[in-house]
Protein chains: 2
Amino acid sequence: MTVRLVKAFLKPLQKEDVLNISGGKRGRITIHEVASAAGVSISTASKALNDTGRMGAETRERVKRIAGEIGYRPNALARGLLSKRSFTIGLLTNDTYGRFTLPVMAGISDALVDHGVSVFLCAIEDDPALAQIHVDAMLDKQVDGIIATGKRLDRRLPVDLSNLHVPVVYAFTEGTQNSVTFRSDDEQGARLAVEWLVKAGRRRIAHITGPEEFFSVRERAGAYHVVAGHREPVLYGVWSESWGHEAVDQLWKRPGEKPDALFCGNDQIARGASDALRERGVKVPRDVSVIGFDNWEIVAAQTRPPLTTVDMELKELGRQAGLTVLALAEGRPVEPGVRKLPCRLIVRQSCGGKAPKD
Amino acid sequence: MTVRLVKAFLKPLQKEDVLNISGGKRGRITIHEVASAAGVSISTASKALNDTGRMGAETRERVKRIAGEIGYRPNALARGLLSKRSFTIGLLTNDTYGRFTLPVMAGISDALVDHGVSVFLCAIEDDPALAQIHVDAMLDKQVDGIIATGKRLDRRLPVDLSNLHVPVVYAFTEGTQNSVTFRSDDEQGARLAVEWLVKAGRRRIAHITGPEEFFSVRERAGAYHVVAGHREPVLYGVWSESWGHEAVDQLWKRPGEKPDALFCGNDQIARGASDALRERGVKVPRDVSVIGFDNWEIVAAQTRPPLTTVDMELKELGRQAGLTVLALAEGRPVEPGVRKLPCRLIVRQSCGGKAPKD
DNA sequence: GTCAAGTGAGAAAAGGTTTTCTCATGCAAT
DNA sequence: ATTGCATGAGAAAACCTTTTCTCACTTGAC
């Protein structure tokens with residue numbers, strides 16, 4: 001076999017050599033080291049570093065300076081043991097391939113890193129047993145709170161979080177009675193899209209979307225009906241490009257006037273529809289405007305032409321969820337209920353027109 | 001405003017009511033509760049639960065039973081403080097939108113959950129300051145190890161992890177001297193792809209790929225040359241569908257015989273190429289075989305026809321990285337070096353042929 | 001009846017930090 | 001000169017486990 005083995009970290013000689021504090025204990029640098037280096041007791045050292053207690057300004061400064069010099073960093077485990085705050089939260093998701101979870105996660109992390117909070121990511125794939133294991137592990141590790149997130153607004157995670165003695169916030173997944181839930185305002189998003197088409201002068205707007213049993217499909221379709229009327233049918237199907245393609249075939253095979261705009265339930269459908277239109281020689285956006293939903297960059301930006309679409313602002317959603325769970329963890333009161341966050345229109349080239357005036 | 005506020009968790013009346021153990025302390029259930037409920041000392045309780053020490057079998061059983069009944073779970077913070085193992089690792093990534101990180105992460109989590117290890121996810125977006133903040137936070141929280149992962153084999157994360165007193169493993173990103181690094185074997189993957197084309201009887205195999213400065217591009221191109229010879233050119237470009245599209249235009253505009261197969265550097269390029277071929281009336285796979293790289297489901301499966309492609313087995317890569325960092329954390333010696341993990345061919349319909357014989 | 005060995009269980013220390021309590025000193029006021 | 005008070009700093013307890021050490025008691029052997 002081989003000669004050199006990676007065991008170096010067992011003996012942190014680096015550290016030992018650079019700073020031989022107080023008899024070379026083999027562990028990390030503790031507040032004891034700081035105290036003895038500064039010639040004070042550990043209680044004084046602690047108070048100096050935390051800006052608490054009474055002491056001479058000179059002492060406080062000296063302790064702080066020395067702590068900085070020897071690279072002291074408090075052990076969060078010990079601190080957490082006493083304060084009952086671990087500065088750690090758990091993020092539970094069943095969206096393994098991350099279309100929705102990733103932006104949410106980025107938002108949470110972004111909001112919490114400033115507060116010194118780290119995030120445990122737990123991917124449970126609709127497996128109740130696995131979910132329970134992860135929840136138990138998080139609880140054992142004394143998380144300050146849990147955020148549950150998923151890939152669908154109208155589905156629960158396969159684990160009951162309602163009676164934990166730790167705050168829980170739901171983001172982009174169905175919550176429980178009296179919980180705090182964040183979700184996108186799909187109705188407003190759909191309105192945004194359809195109004196954009198109307199403003200562009202389109203009148204025969206068709207809606208190609210996903211399965212009717214999805215709550216967000218019904219919400220979007222509802223808003224579509226309100227704004228566009230019932231002049232064109234709603235085509236329910238699945239969330240795939242090929243359905244978008246097929247739906248266009250269906251629409252164009254019908255006798256009579258063709259739609260002059262397609263409001264699609266997601267970007268994949270919109271992409272399939274765009275491809276189908278191009279194959280039929282129908283020009284986008286000259287003859288027909290196409291608008292998507294989700295702003296999934298990889299799909300929307302690569303469609304020909306690039307898709308105008310609705311962004312659900314999932315990162316902002318995550319940010320708010322993070323701030324909320326933090327507030328709860330700190331005991332600040334938070335109103336329960338469902339909070340709908342507005343969507344935003346992303347204007348690319350599939351509808352003509354310019355960016356919205358706002 | 002509103003009436004009911006979510007503060008219930010502050011007073012876990014649920015728990016309190018269900019189990020009024022030993023004077024109703026307001027915190028969690030500790031080993032003290034177990035001990036007093038079982039009529040033994042805390043040391044005996046601890047030994048009973050951990051199957052250590054000497055005691056009567058009856059006592060041991062009784063303690064365990066009672067612990068289970070009152071729902072005792074040891075506080076990982078306290079345990080970690082003493083054992084110096086937090087059963088926590090940190091995962092550092094700069095791949096925010098997760099094409100590569102997500103599978104790696106899933107593998108890590110999958111491998112470690114069985115060992116009671118939880119994973120801190122830290123998304124640093126090529127921001128050295130942010131990276132340092134996250135690393136410090138992880139270290140404060142006494143992680144047992146760190147896995148660094150990225151979106152490119154030949155790039156470092158913007159933070160130096162080489163002198164931490166905690167083990168570090170690199171996965172799908174460039175490591176440091178004497179570290180353990182896991183990466184996909186792109187050469188073998190490319191060989192797999194080109195050999196598959198050759199076996200299907202293709203002789204004029206072109207290679208459309210990404211920017212030449214990518215290490216993996218050069219490795220794949222190298223393997224391509226070895227297997228396919230130098231009969232067709234390598235077209236370097238960018239990682240986009242439109243480049244795939246354009247490259248096909250370039251190839252088909254040349255005089256002389258056209259390629260009968262395209263080995264593409266990733267699935268997006270392959271998709272663009274497939275679209276271009278279809279638009280030219282060239283049938284895939286009848287006239288030309290197309291093969292991709294990455295097995296990015298959302299692209300590969302939605303291409304027409306669905307793409308045969310090379311999967312880098314990132315989940316397995318993550319699994320091994322997880323197991324390795326765990327081994328290091330437990331002090332088991334591990335050989336340093338770069339470990340290349342084999343890729344696997346995913347056969348769909350863009351090359352004809354059946355699944356490999358293995 | 002004494003001693004050795006073995007058995008079951010508790011006391012105490014340790015881990016790193018924060019916080020409360022106590023103490024000593026010095027100074028001003030009586 | 002004694003009291004009262006503010007100030008600076010340390011001792012000790014607490015958080016929850018695990019582990020080592022010690023002790024009391026039983027049993028079997030001489």
Side-chain angles (χ1 to χ4, degrees), chain A residues 21-22 25-64 66-67 70-88 116 139-142 144, chain B residues 21-23 25-64 66-67 70-87 116 139-144 165:
Chain A
I21 306 300
S22 82
K25 290 242 206 166
R26 63 182 122 287
R28 305 267 232 282
I29 295 166
T30 74
I31 200 167
H32 287 91
E33 272 78 57
V34 177
S36 76
V40 297
S41 70
I42 55 166
S43 14
T44 302
S46 173
K47 284 181 292 190
L49 295 171
N50 293 301
D51 277 327
T52 59
R54 291 179 319 202
M55 73 184 52
E58 187 274 336
T59 311
R60 200 181 288 278
E61 275 318 303
R62 181 164 42 90
V63 173
K64 281 183 175 175
I66 290 178
I70 68 182
Y72 166 70
R73 310 222 80 211
N75 181 328
L77 263 43
R79 186 186 288 212
L81 187 57
L82 200 51
S83 69
K84 300 190 168 306
R85 292 266 282 111
S86 63
F87 289 92
T88 281
L139 259 24
D140 289 352
K141 281 161 188 149
Q142 313 291 117
D144 295 334
Chain B
I21 306 299
S22 82
K25 290 242 204 163
R26 64 182 122 286
R28 306 265 231 283
I29 296 165
T30 75
I31 200 169
H32 287 92
E33 272 77 55
V34 177
S36 77
V40 297
S41 71
I42 55 168
S43 15
T44 302
S46 173
K47 285 182 292 190
L49 294 172
N50 293 302
D51 277 328
T52 59
R54 292 180 319 204
M55 73 185 54
E58 187 272 339
T59 312
R60 202 182 286 280
E61 275 318 305
R62 182 164 41 91
V63 172
K64 281 182 174 175
I66 290 179
I70 68 181
Y72 167 70
R73 310 222 79 210
N75 181 329
L77 263 41
R79 183 182 285 195
L81 187 57
L82 201 50
S83 68
K84 301 192 168 304
R85 292 267 281 113
S86 63
F87 288 91
L139 258 23
D140 289 352
K141 281 160 188 151
Q142 313 291 117
V143 290
D144 295 334
H165 51 288

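Below, chains carry the letters A, B, ... as their sequence lines are ordered, and counting in each starts from 1. Computation of the quantities below employed the complete heavy-atom set of this structure, encompassing side-chain atoms and omitting hydrogens, waters and symmetry-equivalent molecules.
Between the CG atom in B:D140 and the CZ atom in A:R28 there is a gap of 8.5 Å [rounded to 0.5 Å].
For A:K47 against D:dG10, a side-chain-to-base donor-acceptor contact under 3.5 Å is present. Scanning atom types as modelled, no donor and acceptor separated by under 3.5 angstrom connect the side chain of B:S43 and the base of C:dA9. A donor-acceptor contact under 3.5 Å is not formed by the side chain of B:K84 with the base of C:dG16.
Not counting sequence neighbours, the partners of A:T44 by the side-chain contact (heavy atoms from CB on, under 4.5 Å) test are A:V40, A:S41, A:M55, A:T59. Applying the side-chain contact (heavy atoms from CB on, under 4.5 Å) rule to B:I42 yields the partners B:I31, B:H32, B:A35; only residues at least two apart in sequence or on another chain are considered. Under the rule for a salt bridge (charged side-chain N to carboxylate O under 4.0 Å, His left out), the partners of A:R85 that lie at least two apart in sequence or sit in another chain are A:D144, A:E330. Under the rule for a salt bridge (charged side-chain N to carboxylate O under 4.0 Å, His left out), the partners of B:K64 that lie at least two apart in sequence or sit in another chain are B:D51. Looking at residues two or more places apart in sequence or on another chain, you find a side-chain contact (heavy atoms from CB on, under 4.5 Å) between A:A78 and A:N75, B:L81.
A straight line from CZ of B:R73 to P of D:dT17 spans 12 Å, rounded to a whole angstrom. Nucleotide C:dT17 holds its C1' atom 14 Å from the CG atom of B:N75, rounded to whole Å. Note: CG (B:L81) to C1' (C:dT18) measures 13 Å, nearest angstrom.
Checked against D:dC16, D:dG10, C:dA11, the side chain of A:S41 finds its nearest nucleotide in D:dG10. For A:I42, the listed nucleotide lying nearest its side chain is C:dT18; candidates were D:dT17, C:dG16, C:dT18.
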From CA spacing to verdict: side-chain contact (heavy atoms from CB on, under 4.5 Å), A:K84, A:Q142: CA-CA 8 Å; A:K84 300 190 168 306; A:Q142 313 291 117; over 6 Å; no
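Counting any heavy atom pair closer than 4.0 Å across all strands shown, B:T30 reaches sugar-phosphate atoms only and no base atom.
Axis angle across the helix from C:dG1-D:dC30 to C:dT30-D:dA1, with five pairs used at each end and values rounded to 10°: 80°.
Within residues 52-63 of chain A, no residue is approached by DNA chain C to less than 4.0 Å at the level of any non-hydrogen atom.
Of all non-hydrogen atoms in B:R79 and B:P74, the two that sit nearest each other are NH2-CG, 3.1 Å.
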